[in-house]
Amino acid sequence: MVLRFILRYLANNEQVVNRLAESYPIRRAARFVVYLFNRSKSIVESEIASGKLNDVNLSNMRNLAARLENHLKQIKEDLEKQAKK
């Protein structure tokens with residue numbers, strides 16, 4: 001309950017939100033999310049155009065998921081390094 005209060009306070013604190021938004025890991029994560037969205041959109045559109053929507057290439061999806069997992073691990077490490085500073 002105390003943690004929820006602290007998180008709500010920090011989320012509603014404009015200065016904290018602005019500093020987080022300007023931080024490198026958050027900007028990098030945002031760029032990656034937009035990249036994933038656009039990439040998945042283009043894959044689905046190409047599958048629809050080719051008529052293979054039912055046979056979505058699982059290896060492409062697995063590669064995309066693995067890249068996402070690796071990128072999120074890297075972002076977590078960057079956040080931990082910045083927290084130590």
Side chain to side chain donor-acceptor pair (under 3.5 Å) filter on Arg67, not counting sequence neighbours, yields Tyr35
Closest non-hydrogen atoms of Ser23 and Leu20, given as atom of the first, atom of the second and distance, are OG-O, 2.7 Å
* Taking 4.0 angstrom as the limit, do Glu77 and Lys73 come out as a salt bridge? -> no
CG of Leu10 to CZ of Phe5, rounded to nearest 0.5 Å, is 9.5 Å
> Linking I/L/V/M/F/W/Y whenever any side-chain heavy atoms sit under 4.5 Å apart, do Val34 and Phe37 land together?
Replying inline: no
Phe32-Tyr24 co-clustered via ILVMFWY side chain contacts under 4.5 Å: no
Residues 28-44 vs salt bridge (charged side-chain N to carboxylate O under 4.0 Å, His left out), sequence neighbours excluded, gives Arg28-Asp78
Hydrophobic cluster membership, Val33 vs Ile75, 4.5 Å side-chain cutoff: no
Between Ala21 and Ile26, the two heavy atoms sitting closest are CA-CG2, 4.3 Å
What one should report as the nearest heavy-atom pair of Pro25 and Leu79 is CB-CD2, 3.6 Å
Value for CD1 (Ile6) from CG (Asn13), rounded to nearest 0.5 Å, stands at 13.0 Å
